[in-house]
Structures are given as C-alpha cells and as structure tokens.
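A short worksheet on the structure shown next.
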Amino acid sequence: MKKLALLATALAMISSSAMAADMAVKAVKAPPPAPFDPWDIAFGAAVMNDYIFRGVTQSNHNASVTAYFEPRYNVNKDLQLYIGTSTESISFANRAAAEVDIYGGIRPTFGAFAFDIGVWGYLYPGGTCYFGAPTDTAGKPLGAECATNFLPNGNVMKKDVSFFEVYGKATWTINDNWAFTINEYYSPNFLNTGAWGNYSSIIGKYTAPSAVFGSSGVGMYVSGEFGRQWLGTSDSFYGVPAFPNGIKYADYNTWNIGIGFTYKVFTLDLRYSDTDMSKGNCSAFTSDYTAGGTTNVTPINPGGTGSNWCGAAGIAKLSVDLTAMSNLK
C-alpha cells in the first residue's frame with residue numbers, strides 16, 4: 001500500500017508540473033502584427049552618357065541626367081496604384097532641352113505574373129518652331145515663328161512635340177534568376193506629328209545568385225530587349241513635295257543588350273543599343289539638326305540628309321533608386 005501511495009503521489013506531481021508548463025506556454029501572447037501601411041514613395045536619379053529611347057538618342061549622343069518621384073498606394077499585397085513624374089535633359093531639333101513625364105496606373109499581381117497598365121504623358125517645354133516658309137507643303141499657313149526660323153539642313157520641327165501613350169506590361173517571374181516582360185505602348189499622335197505610334201517589345205532578364213560576388217553585397221544581372229516601332233502618316237507640316245499631305249514614317253526594329261551591377265541602392269548599367277532604320281529615314285523621323293550630306297535619299301527624305309541618331313550606341317548609366325518604406329525608416 002505504501003508503494004502504491006508513493007507512486008500515486010509521484011504521478012500527481014508529474015501531471016501537475018506538465019499542466020503548469022502547458023499553462024505557462026499558453027499564457028504568453030504573440031506580439032500583434034505590424035500595422036499595414038499602404039503608402040510608399042519611390043524616387044531616384046541617374047546620370048548617363050546618352051539618353052536612348054527605343055533605339056533613338058534624345059540627347060544628340062551627349063550626356064543626360066534624370067530624376068523621378070513616384071507616390072504609391074498598396075491596396076493590398078497584390079494590387080498597387082501609382083502616379084509619378086520624371087524629368088530628363090534632352091537636345092531636340094526645336095531646341096527643347098527638357099522632357100517632363102507625368103504618368104499613372106495600376107499594378108496587379110497574380111502569383112508569378114505582374115501587370116502594369118497606365119497612361120504616360122511626355123511634355124517638351126521650351127521649343128521653337130522651325131520651318132522657314134509661310135505655308136507648309138499642302139499650302140496651310142504657318143505662324144510667324146515657323147516662317148522665320150529654319151534649320152540649315154532643311155529639316156523642320158514643330159514648337160510643341162508633346163504627346164501621350166497608353167501602355168500595358170506583363171512580367172513573368174519564373175524563379176529568383178529568370179524573368180520575362182512583354183510591353184505594349186500606343187499613341188494616337190506620336191511626338192505630335194499627326195502619326196499614330198505603336199511599340200511592342202519583349203525583355204529577358206537573368207539575375208545572378210546573390211553570392212556570385214561572395215559577401216560583398218554586389219549583385220549582377222544581364223538583360224536584353226527586342227522591340228518594333230510602328231508609325232503612321234504625319235500631318236502636312238512634315239510633308240514633302242511627293243507627299244504634301246504628310247509622310248508615312250518608316251517602321252523599324254530596335255534592340256539592346258547589357259549587363260548591370262547593383263550595390264544597395266546603386267545600379268551601374270552598361271548597354272549596347274541599335275536599330276535597323278536607315279540614316280535617311282532617321283533624319284526624316286527625328287528632324288535631326290545635325291544631319292548632313294545628300295546621299296541618303298529616301299521617299300520621305302528627298303534632300304538626302306543622313307542622321308546617326310538612330311544608329312549603334314553604347315550607354316553607361318549610374319542610378320540610385322530608393323523607396324520610403326525600405327530606405328528611409
């Protein structure tokens with residue numbers, strides 16, 4: 001009997017200790033989840049030796065600086081609304097020296113697929129009309145500014161070449177290393193020429209494993225893009241004797257490939273860009289004020305001037321990109 005009493009006492013003590021341990025664990029409350037803050041701001045700046053847009057220099061193959069500011073609102077982890085503005089230094093034939101972009105859209109995410117749909121406005125303040133005659137090729141009268149200002153090589157350009165595009169992007173992130181993006185942009189009046197414009201491209205990007213440079217914190221990626229720009233017919237301002245009511249701009253292919261290195265908020269991107277547009281058609285499309293010669297004759301460029309604004313280019317770009325939620329807290 002004594003042995004049974006001792007055994008019962010021991011079991012009771014063990015059971016009480018186990019219950020006490022259980023009670024102690026249950027009594028500890030988990031910390032409350034961090035409050036969800038839907039607002040964020042992305043901003044940054046960059047300097048580059050050449051500002052290339054769809055294979056065409058916007059800075060006369062000279063250096064350019066840019067900066068952007070983009071407030072964001074995250075409805076939830078899979079849906080973001082955003083607006084933004086950016087500026088770039090340029091060198092256009094109408095002497096506009098800055099591009100000011102205003103844009104906005106929505107970014108929904110579904111698993112491995114991320115979408116971006118919005119509207120982008122390109123503004124080019126400070127331009128001057130260059131034509132050199134009181135009427136255009138269709139006989140339409142032009143203002144005094146257009147009549148008295150002219151480019152020595154015979155190219156013409158409107159004072160205001162601002163325009164807007166609607167766009168859609170879809171990115172498929174296969175894994176931590178590979179991602180592919182399809183882009184589509186459409187403008188009913190590209191560069192205010194009267195011609196519609198449609199740009200489609202595909203981008204592939206390989207991001208190297210984070211330990212590729214050991215513990216240095218330096219990352220690396222390789223990316224490339226192939227795109228095609230389709231263009232409609234301009235208004236009579238850009239007409240030529242054979243096509244007084246407007247010229248059908250040449251469609252063209254463009255491509256680029258490059259390597260990038262990242263460190264914290266900094267990125268150094270080294271890239272090669274090119275197009276298949278002829279020098280003559282490039283002169284007609286860009287109104288390049290540096291175009292010269294007489295041998296690059298095409299139906300839309302009877303003067304034969306040739307432009308290198310659409311040719312091969314190497315771009316080195318150093319940028320810094322931050323977000324308030326990640327970098328300012």
Side-chain angles (χ1 to χ4, degrees), residues 44-68 86-92 99 101 103 114 116 118 120 122 163 165 167-174 177-187 190-191 197-208 219-231 249-263 266-279 281-283 285-286 288 290 306-321:
V47 59
M48 48 199 152
N49 69 309
D50 198 349
Y51 173 22
I52 300 291
F53 178 72
R54 298 176 190 170
V56 180
T57 182
Q58 310 293 287
S59 58
N60 188 23
H61 291 306
N62 291 318
S64 174
V65 293
T66 179
Y68 72 93
S86 66
T87 58
E88 296 84 13
S89 59
I90 62 171
S91 180
F92 274 11
E99 174 184 318
D101 302 330
Y103 60 92
D116 188 348
W120 197 292
Y122 305 81
F163 71 106
E165 291 181 313
Y167 61 88
K169 307 177 186 180
T171 299
W172 176 30
T173 302
I174 300 175
N177 305 113
W178 288 99
F180 293 91
T181 300
I182 295 175
N183 301 301
E184 175 66 25
Y185 292 80
Y186 176 79
S187 173
F190 192 79
L191 282 171
N198 186 87
Y199 180 73
S200 301
S201 76
I202 183 169
I203 298 173
K205 183 177 182 180
Y206 170 76
T207 302
M220 184 187 77
Y221 64 84
V222 177
S223 66
E225 177 183 19
F226 180 84
R228 183 165 180 81
Q229 178 76 64
W230 289 272
L231 296 161
Y249 290 116
D251 304 330
Y252 68 95
N253 298 318
T254 180
W255 55 90
N256 66 76
I257 188 168
I259 185 170
F261 302 92
T262 61
Y263 179 72
F266 299 98
T267 301
L268 175 63
D269 189 278
L270 306 174
R271 191 159 301 274
Y272 168 81
S273 172
D274 205 351
T275 79
D276 63 357
M277 185 183 292
S278 71
K279 289 186 175 182
N281 287 333
C282 180
S283 180
F285 175 55
T286 63
D288 178 3
T290 69
S307 170
N308 68 351
W309 282 11
C310 309
I315 309 112
K317 180 178 181 180
L318 178 63
S319 57
V320 55
D321 301 279

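These numbers come from the heavy atoms of this one structure, side chains and all, not from hydrogens, waters or symmetry mates.
- Side-chain atoms of Asn49 come within 3.5 Å of backbone atoms of Gly314 as a donor-acceptor pair (strictly under, hydrogens ignored).
- For the side-chain contact (heavy atoms from CB on, under 4.5 Å) test with Phe180, the passing option among Ile203, Ile174, Thr173 is Ile174; the others fail.
- From Thr57, atom OG1 reaches atom CG of Asn308 across 8.5 Å, with rounding to the nearest 0.5 Å.
- Checked by atom type, the side-chain pair Glu88/Ser64 shows no donor-acceptor distance below 3.5 Å.
- When every heavy atom of Tyr221 is checked against every heavy atom of Thr262, the shortest pair comes out as CE2-CG2, 4.1 Å.
- One side chain, Thr171 or Thr181, offers a donor N or O that lies under 3.5 Å from an acceptor on the other.
- Side-chain contact, Ser59 with Ser91: no donor N or O sits under 3.5 Å from an acceptor N or O.
- When only modelled atom types and interatomic distance are considered, Ser223 and Arg271 share a side-chain donor-acceptor pair under 3.5 Å.
- Summarising the geometry of Leu231 relative to Ala250, their closest heavy-atom pair is CD1-O, 3.7 Å, with the distance given to 0.1 Å.
- No more than 12 heavy atoms of other residues, nucleotides or ligands shown are found within 6.0 angstrom of OH on Tyr263.
- There is a side-chain donor-acceptor pair under 3.5 Å between Tyr51 and Glu99.
- Classification of the Phe285-Tyr249 ring pair by plane angle, with boundaries at 30° and 60°, yields perpendicular.
- Judged by distance alone, the side chain of Asn253 and the main-chain N or O of Asp276 form no donor-acceptor pair under 3.5 Å.
- Counting all heavy atoms, side chain and backbone alike, Cys310 lies closest to Thr286 at SG-CG2, 4.0 Å.
- Taking every heavy atom of both residues into account, Lys317 and Ala46 meet most closely at CE-CB, 3.6 Å.
- At a threshold of 4.5 Å between non-hydrogen side-chain atoms, the residues Val56 and Tyr252 count as touching.
- No side-chain heavy atom of Asp101 sits under 4.5 Å from any side-chain heavy atom of Tyr68.
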- prompt: Under the side-chain contact (heavy atoms from CB on, under 4.5 Å) criterion, do Glu184 and Ile182 qualify, and how do the steps go?
  reply: CA-CA 7 Å; Glu184 175 66 25; Ile182 295 175; 5.9 Å; no
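- Note: Tyr103 and Trp120 have parallel aromatic rings, judged against thresholds of 30 and 60 degrees for the angle between ring planes.
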- request: Evaluate side-chain contact (heavy atoms from CB on, under 4.5 Å) for Thr66 paired with Met48, printing each intermediate quantity in order.
  value: CA-CA 8 Å; Thr66 179; Met48 48 199 152; 3.8 Å; yes
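- Scored by the side chain to side chain contact (heavy atoms under 4.5 Å, CB included) test, Asn62 finds Asn60 as partners (sequence neighbours excluded).
- Scanning both residues, Ser273 and Ile315, for their nearest heavy atoms gives CB-CD1, 3.7 Å.
- Considering OH of Tyr272 and CH2 of Trp255, their distance stands at 7.0 Å, rounded to 0.5 Å.
- Tyr186 OH to Trp230 CH2: the interatomic distance, rounded to the nearest 0.5 Å, is 13.0 Å.
- In this structure, the separation between NE2 on His61 and CH2 on Trp309 is 8.5 Å, given to the nearest 0.5 Å.
- Taken from CZ in Arg228 to CD1 in Ile202, the straight-line distance is 16.0 Å, to the nearest 0.5 Å.
- Arg54 places a side-chain heavy atom less than 4.5 Å from the side chain of Tyr185.
- Partner of Phe190 under the ring pair (Phe, Tyr, Trp, His ring centres under 6.0 Å) criterion, out of Tyr122, Phe163, Phe53: Phe163 alone.
- To the nearest 0.5 angstrom, Asp251 atom CG is 13.5 Å from Tyr199 atom OH.
- Thr254 approaches Gly55 most closely through the heavy-atom pair OG1-CA, 3.3 Å.
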